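These numbers come from a predicted model, not from an experiment.
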Amino acid sequence: MIDTHSRSFAKALSWRATGTIDTMIISLVVTGSVKLAATIGLTEVLTKSLLYYLHERAWLKIPYGRNGR
């Protein structure tokens with residue numbers, strides 16, 4: 001079964017939320033600045049959500065590892 005575009009987008013958002021929390025914590029530890037950590041986190045969530053969505057959609061076109069019917 002192939003995921004819809006909206007499902008791929010929802011999966012991208014939920015994964016990025018997890019990743020962004022991680023990035024913000026690391027940024028806070030490294031910089032000591034809540035404002036800078038938040039800026040890095042917000043930038044990262046936008047760019048990586050788009051990249052994940054595009055990656056997911058591209059893989060749906062690749063037959064590698066799928067069982068044929």
Side-chain angles (χ1 to χ4, degrees):
M1 190 170 283
I2 295 178
D3 285 353
T4 63
H5 289 271
S6 62
R7 179 175 166 82
S8 293
F9 187 72
K11 287 167 58 178
L13 289 180
S14 68
W15 175 244
R16 281 314 330 140
T18 303
T20 298
I21 291 168
D22 179 54
T23 296
M24 290 174 69
I25 291 169
I26 292 167
S27 297
L28 179 60
V29 169
V30 171
T31 68
S33 168
V34 171
K35 185 176 179 180
L36 187 54
T39 300
I40 291 168
L42 289 174
T43 301
E44 181 257 4
V45 76
L46 295 173
T47 58
K48 289 190 178 175
S49 291
L50 176 62
L51 289 172
Y52 177 84
Y53 174 80
L54 295 172
H55 180 265
E56 179 81 6
R57 297 310 300 179
W59 268 98
L60 288 173
K61 296 178 181 186
I62 298 169
Y64 176 78
R66 287 190 178 154
N67 292 330
R69 290 184 197 198

- prompt: Under the 4.5 Å side-chain heavy-atom rule for ILVMFWY, direct or indirect, which residues accompany Met24?
  reply: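 Besides Met24, the cluster holds no residue at all.
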Ignoring hydrogens and angles, write down the donor-acceptor pairs under 3.5 Å from the side chains of residues 7-14, residues two or more places apart or on other chains.
unit_1	atom_1	unit_2	atom_2	d
Arg7	NE	Asp3	OD1	3.2
Ser8	OG	Thr4	O	3.4
Ser8	OG	Arg57	NH1	3.3
Lys11	NZ	Asp3	OD2	3.1
Lys11	NZ	Glu56	OE2	3.1
Ser14	OG	Lys11	O	3.1

In Å and rounded to the nearest 0.5 Å, what is the [atom1] to [atom2] distance from [X] to [Y]?
X	Y	atom1	atom2	value
Ile40	Leu28	CD1	CG	10.0 Å
Leu60	His5	CG	NE2	8.5 Å
Ile25	Thr20	CD1	OG1	11.0 Å
Ile26	Thr31	CD1	OG1	11.5 Å

task: Specify the closest pair of heavy atoms between Val45 and Ser49, including all atoms of both residues, with the distance to one decimal.
output: O-OG, 2.7 Å
